[in-house]
Amino acid sequence: MTPDGPTIVEAGRRLREGKTTAVALLESVLDVAQLTEAIVHAYLTIDREGAFASAAFADEELANGRDRGPLHGVPVALKDNMCTRGVETTAASQILGGYLPPYDATVVTRLRQAGAVIVGKTNLDEFAMGSSTENSAYGPTFNPWDVSRVPGGSSGGSAAAVAIGSALGALGSDTGGSIRQPAALTGLVGLKPTYGTVSRYGLIAFASSLDQIGPLTRTVEDAAVLLEAVWGHDPLDATSYDGAYPDPRAEMGRGVDGIRVGVVRELSGEGYEPEVETATANMVDRLAGEGAEVVEVSLPSFEIALSAYYLIAPAEASANLARFDGIRFGLRIPGPTTEALMSATRAEGFGPEVTRRILLGTYGLSAGYYEAFYGQAQKVRAAIRADLARVYTDVDVLVSPTSPTVAFEAGARVADPLAMYLSDICTIPSNLAGDPAVSVPIALDGRGLPIGFQVMAPALGETTLFRVAAEVERLAGFTARPVIDLVAS
Amino acid sequence: MPVDVDIAYVARLARLELSDDELETYRAQLGVILEHAARVQDLEGDPHVEATHTLGLENVFRDDVVTASLSRDEVLAAAPEARDGYFVAPPALET
């Protein structure tokens with residue numbers, strides 16, 4: 001089958017023209033899920049009851065003239081690291097199996113206020129640690145474009161659901177590329193907003209100075225719709241930004257005439273697939289053809305960004321995941337003392353990648369190694385920010401591939417953690433800087449696998465980011481959808 | 001060269017009870033990952049690290065206003081074991 005469901009914006013139009021209902025939209029995405037879940041495994045939990053109640057309520061409100069805006073009645077999915085009151089939230093970990101949060105994350109509250117219908121909770125790499133969604137304790141997700149391949153990660157379930165049409169849009173979280181890389185590998189738009197603009201309240205923390213929630217959608221305009229619904233100041237998140245927010249739509253459709261585009265020299269070369277490099281270069285040429293001023297720029301600190309990330313993120317994770325101790329929630333393996341109980345519970349409850357990163361982070365923070373590893377990584381982070389500040393005096397946006405490769409075969413990188421970590425080499429700098437970045441699908445390679453193009457902007461640069469992303473989308477004219485063989489696997 | 005890690009010590013700090021086989025696997029993997037990560041020491045210059053937010057937010061206190069919080073029963077409902085309004089845990093020290 002090939003998915004033929006509407007985009008968020010199309011669904012909204014049909015709803016208001018009386019050509020469909022929220023209940024009918026929900027039924028159609030659930031039909032897709034029914035047909036495809038055994039093959040792609042995008043969801044960990046489908047909340048049929050809650051979703052039908054929301055959809056029926058949305059139809060009633062719309063019929064009564066109460067219009068909550070472009071998400072009203074639209075079925076969307078949430079990565080399962082965002083807390084949903086009374087609906088199981090696991091972060092794809094055994095240690096949180098059966099956990100029913102007593103509260104909603106702020107993004108969930110805001111989606112409900114916008115009238116969105118929450119279909120369910122999507123699969124991820126355990127605690128969002130991974131680039132393939134193979135680290136889930138509840139089994140991997142597969143890529144709808146080729147089910148022998150990974151959908152990327154860690155928001156791979158959200159990506160697969162939107163690509164196949166079992167949700168019209170989804171939220172993911174991006175700590176080192178976990179929205180943008182799966183979006184690239186599944187032919188979607190994936191946005192990491194400026195750090196601090198989307199509340200992290202109720203997001204199960206991985207690395208608090210890097211984590212940011214954002215949308216995965218079929219179009220740039222859909223991404224703006226989801227972003228506008230969830231972002232904004234939240235007093236429940238101490239890192240939430242309380243100043244003026246940019247308008248992502250203000251310059252959409254204005255093209256790129258006069259926009260200064262920097263092509264990042266360090267994000268090319270060895271390890272990059274030739275078809276990815278060619279597609280990227282072609283898009284850069286087309287932007288130049290539309291009047292963009294293209295220059296090559298060098299950011300030497302990007303060469304060691306990955307190394308810094310794999311010290312900073314595990315360090316923060318080792319502290320954040322200390323709360324999973326078998327005392328207050330989740331799994332408990334009994335022991336004669338508190339320490340024995342904690343050590344047994346954590347060894348049993350965390351999967352190998354999470355264990356590896358906790359050990360890595362604990363080592364990097366331990367006495368005698370702190371300065372050489374964590375302290376030095378923070379200096380690299382400062383150098384990346386300084387490099388970016390310098391470059392952004394000369395250019396408006398930076399561009400690169402989103403991922404050095406298209407979707408890789410399931411299992412190909414599982415035994416080699418370092419090879420898996422290299423999947424994030426293009427996306428990590430924006431997290432370390434706190435800047436917004438988006439992946440837009442631009443082409444299929446010779447095997448029919450999607451290639452993503454990354455646009456990066458300085459903090460709070462979403463107006464220009466969406467302007468350029470919309471033009472990339474228009475120039476690429478990417479309308480392909482995956483074809484899934486329902487008798488496969 | 002892979003970095004030599006005292007993995008048993010690190011696992012104890014992290015409260016992870018791992019088997020000897022697991023410790024050996026993680027020791028080898030961390031050695032390789034840290035060898036790559038040690039490239040942070042190649043950084044030229046010595047930038048000043050400020051522990052600041054991307055957008056320059058500074059720490060402030062919220063207004064001292066009483067607001068609703070989760071009920072004790074709701075919070076304890078998620079606990080593996082609770083009794084009389086408390087979490088239940090074994091002794092912190094061996095007796």
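Order of the sequence lines sets the chain letters (A, B, ...), proteins ahead of strands, with each chain counted from 1.
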Which of the residues [options] is involved in the greatest number of heavy-atom pairs with chain A at under 4.5 angstrom?
options                    : value
B:P80, B:A92, B:A77        : B:P80
B:V75, B:D46, B:L43, B:I7  : B:L43
B:A11, B:S19, B:A14        : B:A14
B:V32, B:V88, B:L70, B:L16 : B:L16
B:E22, B:E74, B:E44        : B:E74
B:D42, B:D6, B:L30         : B:L30

Checking heavy atoms, do the side chain of [X], its backbone, both or neither come under 4.5 Å from chain B?
X      : value
A:P417 : side chain
A:F350 : side chain
A:P352 : both
A:Y99  : side chain
A:L311 : side chain
A:L360 : both
A:A322 : neither

Query raised in the report: Between A:F324 and A:F127, is the gap from one ring center to the other below 6.0 Å?
Result: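 Aromatic pair counts; centres sit under 6.0 Å.
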
Requested in this report: Among residues two or more places apart or on two chains, list those pairs meeting salt bridge (Lys or Arg N to Asp or Glu O under 4.0 Å) that have a residue in residues 232-246 of chain A.
Outcome: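 Listed once each, the pairs are A:R200-A:D237.
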
Query - With A:Y370 via ring pair (Phe, Tyr, Trp, His ring centres under 6.0 Å) - residues at least two apart - result: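 For A:Y370, the residues satisfying ring pair (Phe, Tyr, Trp, His ring centres under 6.0 Å) (neighbours in sequence not counted) are A:Y374.
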
Query - For A:Y201, the option from A:D104, A:V108, A:L236, A:T239 that meets side chain to side chain contact (heavy atoms under 4.5 Å, CB included) - result: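 Output: one option passes, namely A:L236.
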
Query raised in the report: side-chain hydrogen bond (donor to acceptor under 3.5 Å, both in side chains) between A:S209 and A:R381: does it pass, once the steps are laid out?
Result: CA-CA 11 Å; A:S209 77; A:R381 187 171 190 175; 2.8 Å; yes

Query raised in the report: B:D4 and B:R27: which non-hydrogen atoms are nearest, and at how many Å?
Result: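 The answer is OD1-NH1, 4.1 Å.
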
